[in-house]
Protein chains: 2
Amino acid sequence: MRHQPAKLDEIDRKLLALLAEDSTQSYADLGEAIHLSAPAVHDRVKRLKRDGVIRATVAKIDGCKVGRTLLAFVLVNTKNLVSTKRLLTLANVPEIEEMHTVAGDSCVLLKVRVRETEGLEELLGKIQDIEGVDGTRSYIVMSTFVERGPDPYL
Amino acid sequence: MRHQPAKLDEIDRKLLALLAEDSTQSYADLGEAIHLSAPAVHDRVKRLKRDGVIRATVAKIDGCKVGRTLLAFVLVNTKNLVSTKRLLTLANVPEIEEMHTVAGDSCVLLKVRVRETEGLEELLGKIQDIEGVDGTRSYIVMSTFVERGPDPYL
DNA sequence: TTTGAAAAATTGCGTGA
DNA sequence: TCACGCAATTTTTCAAA
């Protein structure tokens, strides 16, 4: 099953934590940290990737530095499931970083990063134009204190 | 200034997009994609890291695969700024992936990933125990359709 | 920014615990 | 099965132009 937890030992979890922090470290350095040889580390990383525990290795980009200075979360209320599906057509809008359906009253939660307030206004317009969208509530982020991936320890 | 946009040309943005998708590609391959030699790509990446445009290179971990099957967003209402500051002491709680202060009525928005519903219950308890916390609203994620970093194009 | 070369890291394989 | 050492290959990185 795709959503079944993988079998992981403590060394795997430690390795995941290290890679989630900084994946540019060499296998030799990682091996030193977890008392393993470079090829052994390599084998584990290969397995973790094959099993989908590591979904990708990516560069974390600073939103402000690329000109997206405004971060916001938008809660969208939809009339029904059909309208929710219509919302999902916005998946490739570049301003949208995250898009989740959430439990409760037919809601979609968006994490969006835009240039300025006008960018948010424009995006909200796009959303509200969709048939079956009842309304939106926006939460504009003032400061971000934590922003990281899943913690591999249980 | 730390929050000033960096000077980026179209090649930088294209490079950022490629690295945000998959940073394991070799400089030679990246160079082919943007019509540059490997050392030229290397120089650009070095500059983008030095300038903080690339904040880090990390492994993206699958929450479910490491045993965190429940994703939720929690909106916390606080009485005042002092209570908000008290909330920030939870920054190193492993379940908390994101923590933002948001505009409006003294709110903090959390993205949390827990093992099961009981994990959320426990976390909510911790939050509500904090002096000055008025209440919480939780949005449990059913499906995630988009989850990526900032788009480097403007 | 490129070409070319040195240094370093990745990765395959054979061996043994 | 899992980890190690060795070695071939690839990649990174440093020059000089």
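Just so you know, these numbers use all the heavy atoms, side chains as well, and skip hydrogens, waters and symmetry mates. All of these numbers come straight from a predicted model, not from anything done at the bench. Numbers restart at 1 for each chain; the letters A, B, ... are given by sequence-line order, proteins then strands.
Between B/K7 and B/D12 there is no salt bridge, since no side-chain N of the basic residue sits under 4.0 Å from a carboxylate O of the acidic one. Electrostatic pairing of B/R68 and A/D151 counts as a salt bridge here, judged by a charged N lying under 4.0 Å from a carboxylate O. Ion pairing of B/K111 with B/E95 is absent here, as no side-chain N (NZ or NE/NH1/NH2) approaches a carboxylate O to less than 4.0 Å. A salt bridge links B/E97 with B/R113; the closest basic N to acidic carboxylate O contact falls under 4.0 Å.
Checking the phosphate oxygens (OP1, OP2) of D/dC2, no side-chain nitrogen or oxygen of A/R44 falls inside 4.0 Å.
Rounded to an integer number of Å, the gap from CD1 of A/I11 to P of D/dT1 is 17 Å. Nucleotide D/dC2 holds its C1' atom 13 Å from the CD1 atom of A/I34, rounded to whole Å.
Looking at heavy atoms from C-beta onward, A/L8 lies in side-chain contact with A/L16 at the 4.5 angstrom threshold. Contact annotation: the side chain of B/T136 never approaches that of B/L75 to less than 4.5 Å [non-hydrogen atoms, C-beta and beyond].
Each end of the helix from C/dT1-D/dA17 to C/dA17-D/dT1 gets its own axis, taken as the rotation carrying the C1' atoms of four end pairs onto the next four within a five-pair window, and the two axes meet at 30° to the nearest 10 degrees.
Going from atom CD1 of A/I140 over to atom CG of A/L120 covers 5.5 Å, rounded to the nearest 0.5 Å.
Between the side chains of A/T57 and B/S23, no donor N or O sits under 3.5 Å from an acceptor N or O.
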### Message
Return a single string for nucleotides 4-17 of chain D, one symbol per nucleotide in 5' to 3' order, where B is base contact, S is sugar-phosphate-only contact and - is none, cutoff 4.0 angstrom on heavy atoms.
### Response
BBB----SSSB---
